[in-house]
Amino acid sequence: MQKALANLNADMIFFYLSGVYADSSENGRVMWARIKGKTENALNKLNFRASYSFRPGFIILLKAQQNVSLIYKGINLIYPLVFPKQTLSYDELVNGLIRTLAIGYEKKILEIEDLKLIGNQK
């Protein structure tokens, strides 16, 4: 399907929501990470104006979110304190996506620190 999209509109920008431990070498031991990395590599070969892979980590819950399990609520309180460099807020993620679409970014794969950097720009 992505090939058809690229052929229909080469001016398109493609966003792929990947994962924090995606394996671009495609040789790692974890299957989901290899598949995510293989997908990232394949997208970068297509004829889009640009394609970006986003690798967010733990995304902090919004206060308005409901129907969240008690375990996840507990993890939401602890994880950002213990692993602050591996967490993102929804604002950082969404602002990073929008700014990347609007102005571009020098990297094709945006890790957590990239998303925080571009997502927190004023």
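Here, residue 1 is the first one in the sequence, and each next residue gets the next number. As the structure is a prediction and not an experimental result, all values here were calculated from the model.
Side-chain heavy atoms closer than 4.5 Å link hydrophobic residues (I, L, V, M, F, W, Y) into clusters, and following such links, even through other members, never connects L62 to V94. Under the 4.5 Å side-chain heavy-atom criterion for Ile, Leu, Val, Met, Phe, Trp and Tyr, F58 and I78 are members of the same hydrophobic cluster. By the rule that hydrophobic residues join a cluster once side-chain heavy atoms approach within less than 4.5 Å of another member, L117 and L93 end up as members of one cluster. Neither F83 nor Y90 shares a network with the other; the hydrophobic side chains, linked directly or stepwise wherever heavy atoms of I, L, V, M, F, W or Y lie under 4.5 Å apart, form separate groups for each.
Closest approach of S53 to S18, counting heavy atoms only: CB-CB, 4.5 Å. The minimum heavy-atom distance between L88 and G57, with the atom names listed, is CD1-N, 4.3 Å. Of all heavy-atom pairs spanning Y16 and L43, the tightest one is CB-CD1, 3.5 Å. Heavy atoms only, all atoms of each residue included: R99 and G119 are closest at NH1-O, 3.2 Å. Scanning all heavy atoms of the two residues, the minimum distance from P84 to L81 falls at CD-O, 3.8 Å. Closest of all the heavy-atom pairs between F48 and M12 is CB-O, 3.4 Å.
Between K116 and T87 there is a side-chain heavy-atom pair separated by less than 4.5 Å. No side-chain heavy atom of E40 sits less than 4.5 Å from a side-chain heavy atom of F54. Side-chain atoms of Q86 and Y79, non-hydrogen and from C-beta on, do get closer than 4.5 Å to each other.
Note that OG1 of T100 is 9.5 Å distant from CD1 of I13, once rounded to the nearest 0.5 Å. To the nearest 0.5 angstrom, I118 atom CD1 is 8.5 Å from L115 atom CG. How far CG of L77 is from CD1 of I60: 10.5 Å, rounded to the nearest 0.5 Å.
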Please report, to 0.1 Å, the donor-acceptor pairs under 3.5 Å made by any side chain of residues 105-113, with sequence neighbours excluded.
| residue | atom | partner | partner atom | Å |
| --- | --- | --- | --- | --- |
| Y105 | OH | D114 | OD1 | 2.9 |
| K107 | NZ | D114 | OD1 | 3.1 |
| E111 | OE2 | R55 | NH1 | 2.8 |

Review item, side-chain donor-acceptor pairs of residues 68-76, under 3.5 Å, at least two apart:
| residue | atom | partner | partner atom | Å |
| --- | --- | --- | --- | --- |
| S69 | OG | Y72 | N | 3.3 |
| Y72 | OH | I59 | O | 3.3 |
| N76 | OD1 | L61 | N | 2.9 |

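The distance between the ring centers of F14 and Y52 does not fall below 6.0 angstrom.
Side-chain contact annotation: S25 with D23, donor-acceptor N/O pair under 3.5 Å present.
The backbone N or O of G28 sits less than 3.5 Å from a side-chain atom of R34, completing a donor-acceptor pair.
In this structure N120 satisfies the side chain to side chain donor-acceptor pair (under 3.5 Å) test together with E92, sequence neighbours excluded.
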